[in-house]
Amino acid sequence: MTTLPLKFYQQPTLELAKSLLGCKLVKETAEGVASGFIVETEAYIGPNDQAAHSFNNRRTKRTEIMFGAAGLTYTYVMHTHCLFNVVSGPEGLPEAVLVRAVEPVQGLELMQTRRNNRKKKEWTNGPGKLTKALGIQREDYGHNLTQKPLYIQKGIQPSHVSHGKRIGIDNSGEARHYPWRFWVTDNPYVSR
DNA sequence: TTTTGGATGTCCT
DNA sequence: GGACATCCAAAAA
C-alpha cells in the first residue's frame, strides 16, 4: 500500500471527494494502529457554499486551515464529538472534504474497545463515531496527511458510487440542496 | 466577560 | 421521534 502523494489532494474538491472513496484512512497511536476504508464523504466548497464554515470567505482561527494548502487535516469539535476533514483546493481557497463514514479494516480490537463493545456496524458509520474509533482528535488539526501518524493510503476505486444531498445542514439556505455527498453504493457502513 | 449555537451521538419512551 | 449531554470559539456586550 502506498501513501497518497500531495498531488492527489490537488484535484478539484468534488473529484477529490469521489476519489477518496475506497482509500484507507490510517491513524497510529501508542495503543496501536487503526484504519478503515472511506465509504462516505461530503464536499464543502467555500466562499459560495452557505453550509461551509468558510462561507463568504469567513476566515477565523477555526476555519483558517481551510484556506491552507490541500492535504492538511481540519478537525472540528461539535458538541461532545470531533469531526474529521481533508483540506482541498489551492492555498487561499477555503475548500474541504468531510469524511462521514469508514469501513473498519485494521485494529479491530482497539476500535471495539474505543466504541464500548458495540456492534461492529456501529463503530464507524458516522462522522463523530469514526474519529473516536480511529483515535482522531482535535490535536490532529493542521496535520499533513502524507505523514505519520495520520495518513491516507491508496485504495480501490469502488465500482458503484451514489451521490445526493448533504446531511445535517438544514439551516443553510439553497446550499442544502447541493448533491455534494458521495458514498459507496450498498455499503453497510455508510451513515444512513 | 458573557452569551449563543452548532457539519452529532446516545439513551429514553 | 425527542431530549440532552457537554465543549469550543464566534459574536455580542
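Every chain is numbered from 1, with letters handed out A, B, ... down the list of sequences. Basis for what follows: all heavy atoms, side chains included, without hydrogens, waters or symmetry-related copies.
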Candidates B/dC11, B/dA7, C/dA10 - which lies nearest the side chain of A/Arg118: B/dC11

Please compare A/Ile169 and A/Asn116 by the position of their nearest nucleotide in DNA chain B and report the one closer to 5'. A/Ile169

Out of C/dA5, C/dC8, B/dA7, which nucleotide sits closest to the side chain of A/Val77? C/dC8

For the pair A/Arg181 (side chain) and A/Arg166 (backbone), establish whether a donor and an acceptor sit closer than 3.5 Å, ignoring hydrogens and angles. no

Pairing nucleotide - C/dA13, Watson-Crick or G-U, each distance under 3.5 Å: none

Which nucleotide sits closest to the side chain of A/Thr80: B/dA7, C/dT6, C/dA10? C/dT6

Does A/Arg166 reach a base, just sugar-phosphate, or nothing at all? Heavy atoms under 4.0 Å. nothing

Ignoring hydrogens and angles, tell me if any N or O in the side chain of A/Thr185 forms a donor-acceptor pair with the backbone of A/His160 under 3.5 Å. yes

A/Lys61 side chain, from C-beta outward: closest of C/dA10, B/dA7, B/dG9: C/dA10

A/Phe84 atom CZ is separated from B/dT8 atom C1', nearest whole Å, by 17 Å

Specify the separation, in whole Å, of atom NZ of A/Lys132 and atom C1' of B/dT8. 13 Å

Mark this stacking check for A/His81 against B/dT8 as yes or no, applying ring centres under 5.5 Å and ring planes under 30°. no

Check: A/Gln11 side chain, A/Phe8 main-chain N or O, donor-acceptor pair, under 3.5 Å: yes

Would you mind classifying the nucleic acid contact of A/Asn171 as base, sugar-phosphate or nothing, using non-hydrogen atoms under 4.0 angstrom? nothing

Separation of B/dT8 C1' from A/Asn125 CG (nearest whole Å): 12 Å

According to the Watson-Crick and G-U wobble definitions, with both distances under 3.5 Å, which nucleotide is paired to B/dG5? C/dC8

Starting at CD1 of A/Ile65 and ending at P of C/dA9, how long is that distance when rounded to a whole Å? 14 Å

Can you measure A/Ile45 atom CD1 to B/dA7 atom C1' for me and round it to whole angstrom units? 15 Å

Kindly work out whether a path of hydrophobic side-chain contacts (I/L/V/M/F/W/Y, heavy atoms less than 4.5 Å apart) joins A/Leu4 to A/Val105. no

Closest to side chain of A/His79, choosing from B/dA7, C/dA5, B/dT10: C/dA5

Determine the contact category for A/Tyr74: base if any of its heavy atoms lies under 4.0 Å from a base atom, sugar-phosphate if only primed atoms, P, OP1 or OP2 are that close, otherwise nothing. base

Donor-acceptor pair between A/Lys129 and A/Asn125 side chains, under 3.5 angstrom: yes

Nearest-angstrom distance from the residue atom NZ of A/Lys165 to P of B/dA7: 18 Å

Rounding to a whole Å, what distance do you find between A/Trp123:CH2 and B/dT10:P? 14 Å

Within the supplied structure, the quantity of interest is the number of heavy atoms (other residues, nucleotides, ligands) at a distance under 6.0 Å from A/His177 NE2; does it exceed 12? yes

Side-chain N or O of A/Arg115 versus OP1/OP2 of B/dT10: is the shortest distance under 4.0 Å? yes

Please state how far atom CZ in A/Arg62 lies from atom C1' in C/dC7, giving the value in whole angstrom units. 12 Å

